[in-house]
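Below: the structure, in structure tokens.
Remember, it's a predicted structure, so these values are computed and weren't measured experimentally. So you know, we letter chains A, B, ... as the sequences are listed, proteins then strands, and number each from 1.
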Amino acid sequence: MVNVAEVIVDVPAMQVDRPFDYLIPEELTDVVTAGMRVIVPFGPRTVQGFVIQTKVTPDNHKLKPIREVMDLLPVLSTELLALGDWLAKETLSFKVSAYQAMLPALLRAKYEKYFVRLDEEDAELEALFEGYETLDWKKAEANGLLKVIQKYLKNGQAEVIYQVKNKITKKKARYVHLKKDPVQLEEALLDLPKSAKAQQKVLRYFMQTGETKITQKALQERAGVTTEPIKKLAQVGILKIVDQEVARDPYQGRVFEKTTALPLLDGQKQACDQIIEAVEQNRAETFLLHGVTGSGKTEIYLQTIEHVLKKGQEAIVLVPEISLTPQMVNRFKSRFGDEVAVLHSALSSGEKYDEWRRIEKKEAHVVVGARSAVFAPFENLGMIIIDEEHEATYKQEDNPRYHARDVAIWRAARANIPVVLGSATPSMESFARAKKNVYTLLSLPDRVNQQDLPEVHVVDMRDELRQQNRTEFSRILLEKMKDRLAKGEQTVLLLNKRGYASFVMCRDCGYVVECPNCDISLTYHQATHKMKCHYCGHEEAVPNHCPSCESEHIRYFGTGTQKVEESLTKLLPEARIIRMDVDTTRTKGAHEKLLQRFANHEADILLGTQMIAKGLDFPDITLVGVLNADTMLFLPDFRSAERTFQLLTQVSGRAGRHELTGEVIVQSYTPEHYSIQYAKKHDYLGFYEHEMQMRYRYQYPPFYYLTLIGVSHEDEMTVIRTIRQIADYLRSKLHQNALILGPVPSTISRIKNKYRYQCMIKYKVEPELQAELKSILEHYQKDQQKGLTISIDVQPYVLM
DNA sequence: AGCACGCCGACT
DNA sequence: GTCGGCGTGCTC
């Protein structure tokens, strides 16, 4: 009998998406356990793998042994292993991909391949290796040496080594330790030559503070010296310099003022009590917390988490990436201090790893993070909160294409704990489930400050045009901005960029500059003064003449934030403007700095894209303007009305959150559209009813489930043939109530020279669908190796 | 995925 | 007769 580990190898391919057995070598017998990463030989290669199980079996002498363990403690708990299995099945992706998705990027293996010289005598070989013992494969390949080296491999004068590398780098800090007691120190100071002023400073620092250990950096700053005197003192044995591991702390040096629970309104209290009851009774209940902006949802999160912590359990709080602002983090940090770990994409991969480790080591009991934080390695979870549950960012757009909400509900069901979905504008799906009592609805109709919701004016921009107003600003908006300027109050302007990139078009013939590889128009970039493709990165110069008709009337269309800023400066020269978009927030911390400046009243107007729609909470914002409310209304996506309503509601909530009442101006070319009208009235329920009718009529979620199948290849005929075969196959297999739409070219019909076609399945109950889809993937496996890509998105969120 | 093996055409 | 193209199949 031998000890055997079942291992999922790090090779994302269908044929090897199953466990492989490996012998556990004797010295690792009690070390290897499920959830650890190991290094194993796999064919001629060496790869990383995840142990999913260990077992004892009869010795069949055919198993290769595990080469090395990468962890001493499992990185995946049994819960997360099971979750990965489920995820892979649900999203039709590979198990390894699911496991990788649950871990910080630093735990993903890096592979290296290089040659080792075995024959020391051969002169030519030595020359090839430039005298070194090893030669990097990539380097050899780049220099065209592979063929020559092959000979040496064959006759055993060299060999190929496959190596798995850990990416983890521990952050080190240089510490200075004091090796002498105060008396000795005094003597040492007297012994120092008079000229050694800097060394004296260092010793006096230690004598005055009584410290015995300090980072070198801090010592240099505080004692006002450079590295040299410290080195000297270390040489004579008075000090010792030690490199020590430290955890990166992205919030280092910040002081969080401790806050305590705020008093709750009746509605908040009731909601809190119900959630706490579910926590107490270990009930896997899903709550939909529907609260208007400013109704105090966050305070409910904080107080229920407090309860979870008191019970000795842990909590996960998911927040959309863009609202993971310092303001948001601060609220959690100041209530729970060091118990909070933050996981978000602006952190470096090292920082993310360290935060993840704090969770794993049970130093943190609350995690606040974006989508992937739903996989936080807690083992005694007490509650999961998803704020702004309607946000599309919770759906991962590449494999594994999971939705964080589904993962949360899975974990909650297993752990018998509640999930809280919070939103001012719940998704149709969630609200429908709440109405059917699948979720428990908790409503917060009132704002905490008892303020009325801001008044929303809708301006018909077609009228403005008729009145010869060609600027981006309606007369009323301009009027109100001037008024705020005079009163010293602040304005937020939202430019809805989605579906509205700036492109170059010929005014004479209508020619639009397009990407030669992708079926999409090129975007104009002012910074580089070039045309760039969003999808493949293709770049070209801005044309002077129309390539089609030679006309010189070729110009930019679309409205960028820069352009708006320019015209705003002309109209309101005295206004101080802060512009926030991808360009001005690219560098780390820029986002925060700009907001801070706005908070400090260093500007009157904040102009930005979607990223300013959330989380801004400044007392002096009394006017919000939406420059173009409807640009995304006509995107080919059934959720476009819902998204428009959500965005408008969201930004409206930025105004008048404190004492001053707010006003909102919404500019639109289609002011009569229901999503705008209901947003104007702050009428979520009205919008919900209307939108549900549309969804019913056009057979969309939540009445039908969707699955999107996409095929792409360089040869258009191959794509059409394949997608047709798939559609026909599904038609023959699925229930007759299921609708199969298409195949049709995708919205962007070509990316990177690959043609893209898709078909959509709409269905109600289809228990066999998953199996059928899997068999389709298997069937086209060989073609997938020849450049054909089949992507399956179960319950897609974005249809483009 | 990646790599070896193996079977055919185009050359020294 | 050999080099190298790519199709096929396997990886504990």
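- Note on A/Gln15: a base of the nucleic acid sits closer than 4.0 angstrom, heavy atoms only.
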Checklist outcome for this item: Given protein heavy atoms under 4.0 Å, the one-letter contact record of nucleotides 3-12 of chain B, with B base, S sugar-phosphate only and - none, is simply S---------
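- Chain A approaches DNA chain C within less than 4.0 angstrom (heavy atoms of the protein), and the contacting nucleotides run 5' to 3' from C/dG4 to C/dC12.
- Residue contacts for A/Phe42: at a heavy-atom cut-off of 4.0 Å it reaches a base atom on one of the strands shown.
- Taking the six-membered ring for Trp and the full ring otherwise, A/Tyr797 and A/His403 have centroids separated by under 6.0 Å.
- Note on A/Asp354 versus A/Arg357: no salt bridge recorded, every NZ/NE/NH1/NH2 to OD/OE distance being 4.0 Å or above.
- Other residues, nucleotides and ligands contribute only 12 or fewer heavy atoms inside 6.0 Å of the OH atom of A/Tyr132.
- Among the heavy atoms of the strands lying under 4.0 Å from A/Pro41 are primed sugar atoms or P, OP1, OP2 only; no base atom is included.
- Comment: A/Lys352 does not engage A/Glu355 in a salt bridge, judged by the lack of any side-chain N to carboxylate O separation of less than 4.0 angstrom.
- With A/Phe20 as the aromatic partner, A/Arg18 meets the cation-pi criteria of under 6.0 angstrom to the ring centre and within 45 degrees of the ring axis.
- Between A/Asp10 and A/Arg37 there is no salt bridge, since no side-chain N of the basic residue sits under 4.0 Å from a carboxylate O of the acidic one.
- In A/Lys733, the NZ atom is not crowded: 12 or fewer heavy atoms of neighbouring residues, nucleotides or ligands sit closer than 6.0 Å.
- Residues A/Thr722 and A/Tyr757 have side chains that never bring a donor and an acceptor to within less than 3.5 angstrom of each other.
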